[in-house]
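Reviewing the structure listed below.
Whatever order the structure lists them in is the order used to number ligands and atoms, beginning at 1. Everything quoted here is computed from the prediction, not taken from an experiment.
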Amino acid sequence: MSAPPNPITPPLPVLPQHPEPHVSPRTSANPDWYTQGVPHIWLPYSQMKTAPAPLAAQSTQNARITLTDGRELVDGVAAWWTACHGYNHPHIRAAVAAQLATMPHVMFGGMVHEPALRLASRLCAMLPGDLDRVFFTDSGSVAVEVAMKMAIQYRLNTGEPKRTKMLAFKGGYHGDTLATMAVCDPEEGMHHLYGDVLANHIIAPLPQDEASEAAFFQLLDDHAHELTAILTEPLVQGAGGMLFHTPAVLRTLREAADRYGLLLILDEIFTGFGRTGTMFACEQAGIVPDIITLSKALTGGTMALAATIARPHVYDAFLSDNPEHALMHGPTFMANALACASANASLDLFETEPRLEQVAAIEAHLKKNLERCRTLPGVKDVRVLGAIGVVELEKIDNPDALRQRFIAENVWIRPFRSIVYLTPAFTIPEDDLTALTDAIYRVLSTDK
Ligand SMILES: *Cc1c(COP(=O)(O)O)cnc(C)c1O
C-alpha cells in the first residue's frame, strides 16, 4: 500500500533535515519563521523524510495565493474545497471582525448565543425535508463521529442494542479519526495497518448496476439485524478519488434504508454548499437523509466548524427520563462564535451573490476545457460535475513531481492517487480558471 490514507493530500514537500540549513532555489526569500519553524512542524499525510519543501504562503485573495518570495499561484483546490467565495471575502471578514469585538468564544454547555442559533435555524430552513436539529462540532471527522454515535445510541435507546454497525462503501472517505477510518475505503483507509484497532463495519460496493444492486440487497438480507445505518457521500466520493455516481444510486440507498429499517446518513462535508451544482447533493436525488454532516465550505473556508443535523425521529429517541439516553458529546470549541459568524456571513453570500450560477458557469468551462485532455496519452477519463473537474490518468508514478510541475506553471493543483482535479472557488475569474485548465493540458501533454 503506497497511497496515503487520505489521498487528497499526497506526500508533501521534502523538509530541511534539522539541523542542516535549508537549501532551496529561493533560500534568500525564506523568512526567519520558515527556516526556524519548519524543523519543528509535522505535516499531514507526508513522508517527512522525502517530501519536498513546503511552500511559504504569505497572503490570499480570491482564487490566488501569494508566496513569501513574491510568486502568485492560481489556486485550483480552494483550501481543500472550503473557500467557496474565494479567499478574504470582505463580507465574511467584516462579520468575523464584528463578532471578535463582542464575543470571540463562550462555552456552549448550558449557554447559547446569537451566531449559533441563527446559523442553526438557517441551516434547518435551507436543508431539504425535516432535518431540524443541529449539533455543532469543529471538524468534519468529528461531525461524522457524532453522526455515528447518534445512529448507535438511537438503537440503544430504542431497545435494539445489537444493531450498532454501519454499512459504508468502497471508495468512501469520512475522516481520519479512528472511528471514521473504520468506515473509509478499506485500502485507502489502510485498514490492514491498523488491524483490529478499527471497529468492524461493513464496507460494500455502491449499488450501481444490476449485479452490485443484487449483492447489496443480499447483504442487507444477511446483515440488517446488526446494522444501524447506511453511510455515504452523495454523488461524489471526494477523497476516495472524485468518483461520481448517479442520483438513482442515492434513491436506491434511501429505499433500502426504509425497507430494512436503517438510518441513512449522508456525509455532505465535501458536496454541501453548491459544489455539485445544487446547494446539497441529495437535492438532485430528491431524497432526505435521516442525518446529514456538513463542514468544509460551511464557513466559506474561514474558520473550523462542522455540523451534524438530525431529523425529529432520530432526535426524539434521545428524549427520555433515563439520563443514559442523552447524547454524551461536547467539543470544547463547539459552536465557536467566530466560526458561526463566518458561517452566517457565508450563507448571506449564497443569498446575495449568484453562487449556483457561477458553479454552472464553471461546470461549462471545465467541460469545454478539460475535454481535450481525454485524447492525451495516459488519460483514462475526464469527468465534471458542478465545480469539480477531474482528469483521471492510468496512474501517477510521482504525485510530488507532478505537483512541482504545476507550481512551475504558477498554479496550485494537488494530484493524488491517479487523478488531477480542480475544485476552485466559485468566484474564480474566467482568466484564472483558464490558467488552471491550460496548465493541466500543458503539463499532461508534455513528457515527465
Ligand atoms: C474532508 C472530509 C471529512 C473530514 O473532515 P475533516 O474536517 O478533515 O475532519 C469527512 N467527510 C468527507 C466527505 C470529507 O470530504
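Distances below 4.0 Å separate heavy atoms of D267 from the following atoms of ligand 1: 10 (C), 11 (N), 12 (C), 13 (C). Close contacts of ligand 1 with E233, meaning ligand atoms under 4.0 Å from a residue heavy atom, involve 13 (C). Close contacts of ligand 1 with G140, meaning ligand atoms under 4.0 Å from a residue heavy atom, involve 4 (C), 5 (O), 6 (P), 7 (O), 9 (O). Applying the 4.0 Å criterion to heavy atoms of S141 picks out, from ligand 1, the atoms 4 (C), 5 (O), 6 (P), 9 (O).
Cation-pi geometry between R133 and Y315 is met: under 6.0 angstrom from the ring centre, within 45 degrees of the axis.
For the pair W81 and ligand 1, the shortest N or O to N or O distance does not fall below 3.5 Å. Any N or O atom pair closer than 3.5 Å counts here, and S295 shares no such pair with ligand 1. No N or O atom of I269 sits closer than 3.5 Å to an N or O atom of ligand 1.
D316 meets the salt bridge (charged side-chain N to carboxylate O under 4.0 Å, His left out) test with no other residue; sequence neighbours excluded.
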Candidate pair R311 and D290, rule salt bridge (Lys or Arg N to Asp or Glu O under 4.0 Å), full reasoning | CA-CA 6 Å; R311 290 168 70 178; D290 301 295; 3.5 Å; yes
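Ring centroids of H105 and F333 are separated by less than 6.0 Å, placing the two rings close together.
Between the side chains of E353 and H89, at least one donor-acceptor pair of N or O atoms lies under 3.5 Å.
Under a cut-off of 6.0 angstrom, the local environment of CZ in R93 is sparse, with at most 12 non-hydrogen atoms contributed by other residues, nucleotides or ligands.
Neither the backbone nor the side chain of E268 has any atom closer than 4.0 Å to an atom of ligand 1 (non-hydrogen atoms only).
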